[in-house]
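Computed from a predicted model, the values in this text were never measured in an experiment. Both backbone and side-chain heavy atoms feed into the values below; hydrogens, waters and symmetry mates do not. So you know, we letter chains A, B, ... as the sequences are listed, proteins then strands, and number each from 1.
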Amino acid sequence: MKPSRLNQHSFLFLLREASASSTPHRRLPPLHALLVKLGLQPYTRVYNGLIWVYSATGLVADARRVFDGMSHRDTVSFNSMIHGHAMSGDVGSALQLFERVPAPSPVTWTSMVAGLCRAWDVASARRLFEEMPVRDLISWNAMISGLVGNRQPVEALCLFRRMMAEGFVPNRGTVLTALSACAGAGALETGKWIHAFVEKKRLFRWWDEFLGTALLDMYAKCGAVELALDVFTKLRSRNTCTWNAMINGLAMNGYSTKALDMFRQMELDGTVEPDEVTFVGVLLACSHGGFVDVGREHFYMIEKKYDIGLILEHYACMVDLLARSGHLQEAHKIITGMPMKPDAVIWRALLGGCRLHKDVKMAETAISEIEATCSGDHVLLSNLYAAVGRWSGVEDVRSTMRSKGIEKIPGCSSIEINGSIHEFISGDKSHPSYNEIHVKLAEIGSKMQLQGYVTETAEVFYDVEEEEKEQALGHHSEKLAIAFGLIGGPPNVAIRIVKNLRFCADCHKFAKLVSQIYHREIVVRDRARFHHFREGTCSCNDFW
DNA sequence: CTAGGGTTAG
């Protein structure tokens, strides 16, 4: 090779090729050595490229050596190095460099914002984002997706709205992130608005697999199954993810049989292969539908017929299905026979079944296996003790919770009205419509009494203090949200609520009665699944 | 022919 023919441009080409190869770790150092030998050091661009490819292939220490050895560093050198540090999880080093950049550009700021979001420091990311002198579309996308990734979809949507108000035109990335935020927040109105906006502005040629899957997933996660199906049927092409999203969406929404039909259709269609995620959806459908035999069959087919390895989630669904339908011993056998270590989710599924079928002994086994316990597990055990009348057990759980300092996660429900999301926390008085809500709840209460409604006390029994607090302050968050939906939402439109915890029996009964008395459809997404209430009945058939 | 975001399903 004639060195004279190798200039900075061709060298950058070689770097890119080496980094895309299967063995970048072996191919980059010789190129680096050649670069030094050829005397291309003065070319900052080439060295920037080297920093970039070293970082991108995980060789951050090498990247840093190059960076430190450079005689002339420009903004791109800093940006590449900041990005490298941030991607390797070393935000500290990234921040140190960020302080030293002579002329930071929007790229510099955005790299730092994204890096902080990746390191779960969304608060610092947000501060930096607000401080940025110039924000472009990618800066907005980075911050919005950072919020979604840090489980703050409501905040993400607020930012999305601000971005639109400032006149930015969303691109593919923005739309994907914003739809995912709507899915997370259960913001159907906003999701529909984005859908319509994309169509009206003809933002994309068509809804491809990625966009289409994100769209249908949004509808499914907002409880709008018909709309999700509509998107699904109209898509030009579907990949495995698309089918999985549809199957899972049906399962989550309680359309168990339809979900299984959809899986059969997927097989008949034959253009895509099911994968392990497909079977998570299939088993979820069986679990929510209480189809024990069908579930067992599919569980064994995963490996035998489809040659797909069983993953933790498959076991979790299977344990959930068996435990919930009362096959506690079989569920326990599945757990002890698992090739991997059962996690808290698995034991929790067994615990839930024990609570339902009042098996104290098995419940105690389950709870002793859950290490980093959260309040919900203790509450479940306590409820079980209360249900079988073992009050000493209830007291034991309370003292365990006190001594371990386990705090209860406050219940939080949200409802979207006119595109803005209102959040209610159990017993919270801070909402501006607090007084109206309580007037409404009193009205509901008296109407319910006429129908012979009695509070379900079993599930609130475990904690007398909490019970008193609830009497004094109000209600579980979903009741506040439902009352607010009756007041503020347009009539004849379903009241849609997203809750962070699972339904308690009392609130479930409450929702059923409200749907009957006011002839309003109520859709609640709780931690585990959807509940569609219509004229006094729930799609879960009181099986959850 | 340099650098930042996003890539959907569990």
Is [X] touching bases, backbone alone, or none of the nucleic acid, heavy atoms closer than 4.0 Å?
| X | answer |
| --- | --- |
| A/S105 | base |
| A/V280 | sugar-phosphate |
| A/N248 | sugar-phosphate |
| A/S180 | nothing |
| A/I311 | base |
| A/R118 | nothing |

Consider the side chain of [X], meaning its heavy atoms from C-beta on, and name the nucleotide among [options] that approaches it most closely.
| X | options | answer |
| --- | --- | --- |
| A/K221 | B/dA3, B/dA9, B/dT7 | B/dA9 |
| A/N239 | B/dG10, B/dT8, B/dT2 | B/dT8 |
| A/R172 | B/dG5, B/dT8, B/dG6 | B/dG6 |
| A/T213 | B/dG5, B/dT2, B/dA9 | B/dA9 |
| A/V107 | B/dG6, B/dA3, B/dT8 | B/dA3 |
| A/N48 | B/dT2, B/dT8, B/dG6 | B/dT2 |
| A/F210 | B/dT7, B/dA9, B/dG5 | B/dT7 |

If you compare every side-chain N and O of A/H83 against the phosphate oxygens of B/dG5 (OP1, OP2), does one of them come in below 4.0 Å?
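Looking at the OP1 and OP2 atoms of B/dG5, one of them is under 4.0 Å from a side-chain N or O of A/H83.
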If the cut-off is 4.0 Å, is A/S145 near the phosphate of B/dG6, judged by side-chain N/O to OP1 or OP2?
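For A/S145, the contact criterion (side-chain N or O under 4.0 Å from OP1 or OP2 of B/dG6) is met.
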Without decimals, in angstroms, what is the distance between [X] [atom1] and [N] [atom2]?
| X | N | atom1 | atom2 | value |
| --- | --- | --- | --- | --- |
| A/D217 | B/dG10 | CG | C1' | 10 Å |
| A/M262 | B/dA9 | CE | C1' | 14 Å |
| A/I346 | B/dG10 | CD1 | C1' | 13 Å |
| A/D208 | B/dT7 | CG | P | 14 Å |
| A/M218 | B/dG6 | CE | P | 21 Å |
| A/W109 | B/dA3 | CH2 | P | 22 Å |
| A/E313 | B/dG10 | CD | P | 11 Å |

How about [X] and [Y]: are their ring centroids closer than 6.0 Å?
| X | Y | result |
| --- | --- | --- |
| A/Y47 | A/H72 | no |
| A/F129 | A/W140 | yes |
| A/Y219 | A/H195 | yes |
| A/Y43 | A/F11 | no |
| A/F299 | A/H314 | no |

Cation-pi geometry met for A/R100 and A/F78 (6.0 Å, 45°)
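The answer is no; the distance or angle limit is not met.
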Ignoring hydrogens and angles, does a donor from either the side chain of A/N171 or the base of B/dG5 sit under 3.5 Å from an acceptor on the other?
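Side chain to base: pair found, below 3.5 Å.
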